[in-house]
Amino acid sequence: MRLSPAVRMSEYFLPTLRETPSEAEIVSHRLMLRAGMVRQESAGIYSWLPLGYRVLRKIEQIVREEMDAIGCHEVLMPTLQSADLWRRSGRYDDYGKEMLRLQDRHEREMLYGPTNEEMITDIFREHAKSYKDVPRMMYHIQWKFRDEVRPRFGVMRGREFLMKDGYSFDLTAEEGRISYNKQFVAYLRLYARMGLQAIPMAADTGPIGGDMSHEFIILAETGESQVWCDSDLLNLDLLNAKIDHRDADQMSDVIGKVTSYYAATDEQHDQAKFESEVPEDRRLSARGIEVGHIFFFGDKYSTPLGAKVQTKDGQTVPVQSGSYGVGVSRLAGAIIEASHDENGIVWPEPVAPFKVALINLRSGDSACDAACDDLYAKLQEAGIEVIYDDREERAGVKFADMELIGIPWQIIVGPKGLANGVVELKSRASGEKVELSADSALAKLAE
RNA sequence: CGGGGCGUAGCGCAGCCUGGUAGCGCAUCUGCUUUGGGAGCAGAGGGUCGUUGGUUCGAAUCCAGCCGCCCCGACCA
């Protein structure tokens, strides 16, 4: 994946809106439309415009890197699947109207995949025969479709959505726990890298039972569910915790520590337990957005689909599996919910569409143009992603647009500053502005 | 799927009650003046009023069907 390192706004397709389209209610949806990130094509289905698509790919890439880091390997499965595969697991009839069903020209029954447990299990089944073929983990990042009765909240609850779903295959449930823990640890890191505080919360494990299902929740006023947790969870430094995914004991310790704090969604919440376990000043009750869900389900699919391997002593056993989802497109909205102000989006740097916004306050002025052209070239040389506002617009328009689209750093170049040999460097998040030479600004951004 | 609401220019809206073939703000285009936080003046372009049918001399407006979208609820990454 490579994103264009630099764009000029005079050439960029960035349809920002001054007013909010009436269909958008929550802040992330409003801002995504106003910032020209997405366009709604139909209820719960969106086109991703250049700016939005950059963000989506940044999120995707972080997820990809953290999956690769734990030895989970990327594949790509199709969006369309055959009904037969789903009949074998029994889910074709169970899934209900959320599954989009269609027919090809030969009247074969197909479906637009809402998830891929069947398919990945079938892929694994064909080639894995021995205990030497496990453990294995695979994931893909693909568009899914769930025909929600009521899509809403923009990309946060669309019908079509981009999702990372990973799957693990192990010989035993005990070994499955290690795979589960690897994913757990990767999740802690990937959310932290996006600038999010994602809190793992115990989730319903259904008929499988046990303690191997967690939802990852980020707190935001517009969250869809009520959550309760120990506020100390928000102080854990997960990004800098060095965790070796090959050290099962260490992973188990870290996860044990993280999950020892009280944290529950409304389905799992126990008020009495909450009050007895958490000191009053640390009791946090808030709204949350689910941005990931990991789940161990044993042989739920391997048995009906016949995914079996032979053990050392010659027995044939079904593999033990888990699935691990991250809502990639949802995260684009969720991050905005967690990071915005009255002027627009405030992107955390790792997912920002560009690191720097270069603002020419007087396009057409030879000194301003020359200074900006020079900075634009040098930023590119330094490998710093930049969006350059070279449009013939008034200063106010340029400031407002850059605040709206939330680029972390602005370099403001105007005739007044240039007369004194300075430009301004402004932080979107803090609003802090400093005057310095163009070279110092570059040096600061290159740090 | 239950309840509610809305479809009029790219966006936000008025007009509908009380029928006479469409208007405002922003955006867009042209010119002049401006130029460090969404400029001013003058002019211009842009609409089969969601759609189909009905009532009527005449429908954005009244009536019916259909389609689309949004909100609340139940359900979900």
Side-chain angles (χ1 to χ4, degrees), chain A residues 15-26 29-30 33-34 36 39-45 59 63 95-99 113-117 141-166 187 198 203-204 213-218 223-225 265-267 288-295 323-334 343-344 359-365 368 389 391-404 410 412-420 422-424 426 431 433 435:
Chain A
T16 56
L17 301 174
R18 196 162 165 177
E19 285 172 287
T20 304
S22 59
E23 77 252 25
E25 192 72 12
I26 66 164
H29 192 194
R30 292 206 300 251
L33 291 170
R34 285 194 55 212
R39 185 179 96 122
Q40 180 166 326
E41 297 298 346
S42 150
I45 302 178
I59 294 168
V63 173
Y95 220 94
K97 289 190 167 176
E98 277 200 356
M99 179 185 277
T115 179
N116 286 65
E117 279 88 4
I141 297 173
Q142 177 64 291
W143 293 94
K144 304 280 193 293
F145 196 93
R146 290 183 195 169
D147 200 359
E148 298 279 346
V149 192
R150 191 187 156 208
R152 61 184 120 171
F153 306 146
V155 301
M156 298 247 289
R157 176 121 176 248
R159 292 193 292 169
E160 187 181 50
F161 54 96
L162 188 63
M163 183 173 166
K164 185 284 294 189
D165 45 322
Y187 275 47
D204 184 18
S213 179
H214 288 88
E215 292 178 1
F216 288 77
I217 303 280
I218 65 172
E224 53 203 323
S225 49
T265 59
D266 41 11
E267 300 103 32
I289 301 168
E290 184 184 347
V291 290
H293 193 164
I294 60 177
F295 193 72
S323 73
Y324 313 95
V326 172
V328 174
S329 49
R330 166 177 284 192
L331 272 166
N343 296 319
I359 301 178
N360 186 339
L361 285 183
R362 197 170 305 174
S363 298
D365 174 271
C368 288
D389 194 344
R391 298 174 301 169
E392 301 216 359
E393 287 288 353
R394 300 177 63 81
V397 172
K398 297 188 176 192
F399 286 131
D401 270 345
M402 284 307 181
E403 300 284 308
L404 174 62
Q410 297 171 4
I412 301 160
V413 178
K416 289 183 191 167
L418 285 184
N420 299 318
V422 296
V423 298
E424 280 170 49
K426 182 179 174 187
K433 235 181 336 187
E435 290 196 339

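This one's a predicted model, so the numbers in the text were calculated from it and none came from an experiment. So that the names make sense, note that chain A is the first sequence line, chain B the second, and so on, each numbered from 1.
For A/E392, the side-chain hydrogen bond (donor to acceptor under 3.5 Å, both in side chains) test picks out no residue, with sequence neighbours left out. A/E267 pairs by the side-chain hydrogen bond (donor to acceptor under 3.5 Å, both in side chains) definition with A/T265, not counting sequence neighbours. Partners of A/R362 according to the side chain to side chain contact (heavy atoms under 4.5 Å, CB included) rule, which considers only residues two or more places apart in sequence or in another chain, are A/D365, A/C368, A/P415. Residues satisfying the ring pair (Phe, Tyr, Trp, His ring centres under 6.0 Å) test with A/F216, not counting sequence neighbours, are A/F184, A/Y187, A/Y191. Contacts of A/D165 classified as side-chain hydrogen bond (donor to acceptor under 3.5 Å, both in side chains), with partners at least two apart in sequence or in another chain: A/H140, A/K144, A/Y167. Not counting sequence neighbours, the partners of A/E160 by the side chain to side chain contact (heavy atoms under 4.5 Å, CB included) test are A/I45, A/Y112, A/W143, A/F145. For the side-chain hydrogen bond (donor to acceptor under 3.5 Å, both in side chains) test, no residue two or more places apart in sequence or in another chain qualifies with A/R146. Every residue two or more places apart in sequence or in another chain that forms a side chain to side chain contact (heavy atoms under 4.5 Å, CB included) with A/E435 is listed here: A/V422, A/E424. Looking at residues two or more places apart in sequence or on another chain, you find a side chain to side chain contact (heavy atoms under 4.5 Å, CB included) between A/E403 and A/N343, A/Q410, A/K426, A/R428.
For B/G73, the paired nucleotide is B/C1, the pair qualifying as Watson-Crick or G-U wobble because both relevant distances are below 3.5 Å. Pair assignment for B/C62 gives B/G54, based on Watson-Crick or G-U wobble hydrogen-bonding distances that are each under 3.5 Å. The pairing partner recorded for B/C16 is none, the criterion being a Watson-Crick or G-U wobble arrangement whose two distances lie under 3.5 angstrom. With a cut-off of 3.5 Å on both Watson-Crick or G-U wobble distances, the partner of B/A9 is given as none. Here B/G36 sits opposite no nucleotide as a Watson-Crick or G-U wobble pair (both hydrogen-bonding atom distances under 3.5 Å). Remark: B/A42 base-pairs with B/U30. Criterion, Watson-Crick or G-U wobble with two distances under 3.5 Å.
Comparing B/A22 with B/A9, their P atoms sit 14 Å apart, to the nearest whole Å. Rounded to a whole angstrom, the distance from the C1' atom of B/U61 to that of B/G15 is 9 Å. Using P as the reference atom, B/C6 and B/A44 are 36 Å apart when rounded to the nearest Å. Annotation: B/G46 and B/U30 have their C1' atoms spaced 15 Å apart (nearest Å). Comparing the same atom, C1', in B/C29 and in B/G45 gives a spacing of 7 Å after rounding to whole Å. Here the separation of B/C69 from B/G12, taken at their P atoms, is 16 Å to the nearest Å. Taking atom P in both B/G54 and B/C13, one finds a spacing of 33 Å when rounded to whole Å. Taking atom P on both nucleotides, B/G50 is separated from B/C11 by 14 Å, rounded to a whole Å.
Defined by atom type and a distance below 3.5 Å, a donor-acceptor pair is present between the side-chain atoms of A/H293 and A/S213. For the 3.5 Å distance criterion, the side chains of A/D401 and A/T16 qualify, holding a donor opposite an acceptor.
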Reading nucleotides 72-77 of chain B from 5' to 3' and marking B where a protein heavy atom lies under 4.0 Å of the base, S where only the sugar-phosphate is that close, and - otherwise, the string is BBBBBB
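Distances shorter than 4.0 Å separate some side-chain N or O of A/Q40 from OP1 or OP2 on B/C70.
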Report all interatomic pairs (protein N or O, nucleotide N or O of nucleotides 35-38 of chain B) with separations under 3.5 Å.
{"unit_1": "B/U35", "atom_1": "O2'", "unit_2": "A/R362", "atom_2": "NE", "d": "3.2"}
{"unit_1": "B/U35", "atom_1": "O2'", "unit_2": "A/R362", "atom_2": "NH2", "d": "2.9"}
{"unit_1": "B/G36", "atom_1": "O6", "unit_2": "A/G414", "atom_2": "O", "d": "3.4"}
{"unit_1": "B/G36", "atom_1": "O6", "unit_2": "A/G417", "atom_2": "N", "d": "2.8"}
{"unit_1": "B/G36", "atom_1": "N1", "unit_2": "A/E424", "atom_2": "OE2", "d": "3.0"}
{"unit_1": "B/G36", "atom_1": "N2", "unit_2": "A/E424", "atom_2": "OE1", "d": "3.0"}
{"unit_1": "B/G36", "atom_1": "N2", "unit_2": "A/E424", "atom_2": "OE2", "d": "2.2"}
{"unit_1": "B/G37", "atom_1": "O6", "unit_2": "A/K426", "atom_2": "NZ", "d": "3.3"}
{"unit_1": "B/G38", "atom_1": "O2'", "unit_2": "A/R18", "atom_2": "NH1", "d": "2.9"}
{"unit_1": "B/G38", "atom_1": "O2'", "unit_2": "A/R18", "atom_2": "NH2", "d": "2.2"}
{"unit_1": "B/G38", "atom_1": "O6", "unit_2": "A/R34", "atom_2": "NH2", "d": "3.2"}

Report all interatomic pairs (protein N or O, nucleotide N or O of nucleotides 3-6 of chain B) with separations under 3.5 Å.
none

Report task. Give the intermediate values and the outcome of salt bridge (charged side-chain N to carboxylate O under 4.0 Å, His left out) for residues A/E224 and A/R330. Result -> CA-CA 12 Å; A/E224 53 203 323; A/R330 166 177 284 192; 3.4 Å; yes
Exercise for the section: Begin with the C-alpha distance, continue with both residues' side-chain angles, and end with the deciding distance and a verdict on salt bridge (charged side-chain N to carboxylate O under 4.0 Å, His left out) for A/R150 and A/E148. Expected result: CA-CA 5 Å; A/R150 191 187 156 208; A/E148 298 279 346; over 6 Å; no
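Nucleic acid contact class of A/S22 (heavy atoms, under 4.0 Å, all strands): sugar-phosphate only. Across all strands, A/K97 comes closer than 4.0 Å only to sugar-phosphate atoms, never to a base (heavy-atom distances).
The CG-C1' distance, from A/D365 to B/U34, rounds to 15 Å in whole Å. A straight line from CD of A/E23 to P of B/C11 spans 9 Å, rounded to a whole angstrom.
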